[in-house]
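Beneath this line is the structure, given in C-alpha cells, with notes to follow.
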Amino acid sequence: MMNLKGNPELSQNNLMRPLLNYGIACMSMGFLVEETAPVVWRGLLVMSAVEKLLRQVDWGQLDYLVVDMPPGTGDVQLSISQNIPISGAVIVSTPQDIALMDAHKGAEMFRKVHVPVLGLIQNMSVFQCPKCKYKTPLFGTDGARKLARTLNLDVLGDIPLHLSIREASDIGQPVVFSQPESDEAKAYLRVAVEVVRRLPPPPE
C-alpha cells in the first residue's frame, strides 16, 4: 500500500533502517520474510518480533509512531501495550455487527491495560456508485456510532467504501497523495486531524 518492498539496510549501530516513501518511514515483518511466506507466530515469537520492530530499528526523530495491529485481543496487542508507552489507541471497524463485536472487545482490552482509547473510525461506512452516485450502506448504518455511544467514545470519522481507495492502495499510491482534493482523501485527513487533536502534546 506504500509501494515499498525489499530488505532494510543496517545502520552503523547495527540497527535496521526503515523503508521510506511519501515522507513516511515504514517497518514491517513483511520486509524481513519471504514475500509469500505466512507469519503464523504466537507467544514468545510475537513478543520477539515486536521487540525487534520497536527497539532494533533506527527510527530517528519521529512526529508520530503509528502501529497498525490486527483486530482482536491477542498476543500482538498485549505485547505492544506492555512494551512501550502508548499515547492512545484508535479502534477501526466496519458498521456490521460481527465486526463491532471485535471492536468492542478491543476497546475494553485497551482500557484494562490503561491505554487511552481516542475513539472509533467507521470504515467502509457507505458505498457510492461511481456512475449514478447513489450511496448504499452495504454493511449497515452507523454501527460504529452506536458502539461509540455504548463505550462513551467519539467517532473520529467515516471512511467510505470507494473504488478509488482500492485502486490507489493496490498501486501503492495512498489516495491522500494521488488524489488529495478528492472526498475520499478529505475523509482520511479529517480522521487524522481528529486523532491528533486527542493526543497529548509532545514533550518540549
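Computed over heavy atoms, backbone and side chain alike; hydrogens, waters and symmetry mates excluded. Worth saying up front: this structure is predicted, and the values here are computed from it rather than measured. All residue numbers refer to positions in the sequence shown, counting from 1.
Taking CD1 of I91 as the reference point, atom CG of L118 lies at 9.5 Å (rounded to 0.5 Å). L53 CG to I80 CD1: the interatomic distance, rounded to the nearest 0.5 Å, is 8.0 Å. A distance of 9.5 Å separates OG of S178 from CD of E167, quoted to the nearest 0.5 Å. Rounded to the nearest 0.5 Å, atoms CD1 (I86) and NE2 (H114) are 12.5 Å apart. Note that OG of S93 and CG of N123 are 8.5 Å apart. Values are rounded to the nearest 0.5 Å. The distance from the CD atom of Q173 to the CG atom of N21 is 9.0 Å, given to the nearest 0.5 Å.
In the hydrophobic clustering of ILVMFWY residues, with side-chain heavy atoms under 4.5 Å counting as a link, L153 and L156 come out apart. Under the 4.5 Å side-chain contact rule for hydrophobic residues, V92 and M109 do not share a cluster. Follow the hydrophobic side-chain contacts under 4.5 Å out from M1 and you never reach V67; the two are in separate clusters. Residues L62 and V195 are members of separate hydrophobic clusters, defined by side-chain heavy-atom contacts under 4.5 angstrom among Ile, Leu, Val, Met, Phe, Trp and Tyr. Hydrophobic clustering, with ILVMFWY side chains joined whenever heavy atoms are under 4.5 angstrom apart, groups W59 together with I84.
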- Pair V175-H162, side chain to side chain contact (heavy atoms under 4.5 Å, CB included): steps then yes or no: CA-CA 11 Å; V175 71; H162 201 284; over 6 Å; no
TODO: Step by step, work out the side chain to side chain contact (heavy atoms under 4.5 Å, CB included) result for H104 and T150.
DONE: CA-CA 9 Å; H104 195 158; T150 299; 4.2 Å; yes
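Annotation: N3, atom CG; neighbour count of heavy atoms from other residues, nucleotides and ligands within 6.0 Å is above 12. The local environment of CD in E9 is sparse, with at most 12 non-hydrogen atoms from other residues, nucleotides or ligands closer than 6.0 Å. The number of heavy atoms from other shown groups lying within 6.0 Å of CZ (F177) does not exceed 12. In I171, the CD1 atom is crowded: over 12 heavy atoms of neighbouring residues, nucleotides or ligands sit closer than 6.0 Å. Remark: D170 CG is packed, more than 12 non-hydrogen atoms of other residues, nucleotides or ligands lying under 6.0 Å away.
Residues satisfying the salt bridge (Lys or Arg N to Asp or Glu O under 4.0 Å) criterion with D158, sequence neighbours excluded, are R145. Annotation: side-chain contact (heavy atoms from CB on, under 4.5 Å) contacts of V126 (sequence neighbours excluded): K135, P160.
Between the side chain of Q56 and the backbone N or O of M16 there is no donor-acceptor pair closer than 3.5 Å. Here the side chain of R198 pairs a donor or acceptor atom with the backbone of E194 at under 3.5 angstrom. Under a 3.5 Å cut-off, the side chain of Q122 and the backbone N or O of A144 do form a donor-acceptor pair.
Taking Ile, Leu, Val, Met, Phe, Trp and Tyr as hydrophobic and joining them when side-chain heavy atoms fall under 4.5 Å apart, one finds F139 in a cluster with M124, F127, L138, L161.
Here the closest non-hydrogen pair linking V191 and G157 is CG2-CA, 3.8 Å. D58 and S11 make their closest contact through OD2-CB, 4.0 Å (heavy atoms, listed as atom of the first residue, atom of the second, distance). Shortest non-hydrogen contact noted between L20 and A25 is CD1-N, 3.6 Å. Heavy atoms only, all atoms of each residue included: V176 and P180 are closest at O-CB, 3.4 Å. Here the closest non-hydrogen pair linking A107 and V117 is O-CG2, 3.8 Å. Contact between F31 and P8 at its shortest, heavy atoms only, is O-CD, 3.8 Å.
In this structure the side chain of P95 never reaches within 4.5 angstrom of the side chain of T141, judged on heavy atoms. Side-chain contact between R111 and L151 is present, with at least one heavy-atom pair separated by less than 4.5 Å. With contacts defined as side-chain heavy-atom distances shorter than 4.5 Å, the pair I165/Y188 qualifies. No side-chain heavy atom of M2 sits under 4.5 Å from any side-chain heavy atom of L19.
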